[in-house]
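This report refers to the structure that appears directly beneath it.
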Amino acid sequence: MNGKVTDSTGAPLAGVSVTIKGSFNGTFTNIQGEFSLSVNKGDVLQFSHIGYQSKEVPVTSETAI
């Protein structure tokens, strides 16, 4: 799965931790806020960054988020 993390104004967020809930698999967003991670349908992605509220997003059949 590929994705992009942005703030409320649409600006990309670098250094966001993106992990699969209940596992040690994860990655961080790059300078453009983009990430790539191998996931399965039904996994839940956890996004966290200092100064921002954490968020959980379930993986559906989509290949991008």
Side-chain angles (χ1 to χ4, degrees):
M1 165 169 285
N2 298 312
K4 184 171 185 176
V5 180
T6 59
D7 66 13
S8 61
T9 68
L13 288 174
V16 176
S17 171
V18 184
T19 57
I20 299 171
K21 186 175 184 175
S23 79
F24 294 107
N25 296 328
T27 189
F28 291 92
T29 58
N30 63 18
I31 194 76
Q32 291 88 23
E34 301 166 336
F35 70 93
S36 180
L37 188 62
S38 294
V39 298
N40 296 309
K41 185 176 179 180
D43 285 343
V44 176
L45 296 181
Q46 295 178 307
F47 297 85
S48 62
H49 193 285
I50 295 173
Y52 290 87
Q53 184 175 350
S54 296
K55 185 170 186 175
E56 293 186 356
V57 177
V59 175
T60 62
S61 59
E62 299 172 12
T63 58
I65 190 166

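These numbers come from the heavy atoms of this one structure, side chains and all, not from hydrogens, waters or symmetry mates.
For N2, the side chain to side chain donor-acceptor pair (under 3.5 Å) partners at least two apart in sequence or on another chain are S36. Annotation: side chain to side chain donor-acceptor pair (under 3.5 Å) contacts of D7 (sequence neighbours excluded): T9. Every side-chain contact (heavy atoms from CB on, under 4.5 Å) that T27 has, sequence neighbours left out, goes to V18, F35, L37.
Listed by first and then second residue, the salt bridge (charged side-chain N to carboxylate O under 4.0 Å, His left out) pairs that reach into residues 32-51 come to none, sequence neighbours excluded.
One hydrophobic cluster, built from ILVMFWY side chains closer than 4.5 Å, holds both V5 and V57.
Using a distance-only test at 3.5 Å, with no hydrogens or angles considered, a donor-acceptor pair links the side chain of T29 to the main chain of V16. Remark: the backbone N or O of N25 is paired with a side-chain donor or acceptor of S23 at under 3.5 angstrom.
In this structure, the separation between CG on N30 and CG on L13 is 11.5 Å, given to the nearest 0.5 Å.
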Taking only distance into account, with no hydrogens and no angle test, what donor-acceptor pairs under 3.5 Å do side-chain atoms of residues 45-53 form with protein atoms, sequence neighbours excluded?
from, atom 1, to, atom 2, distance (Å)
Q46, NE2, E56, OE2, 3.0
H49, NE2, A14, O, 3.1

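Using a 4.5 Å heavy-atom threshold, the side chains of V39 and I20 count as touching.
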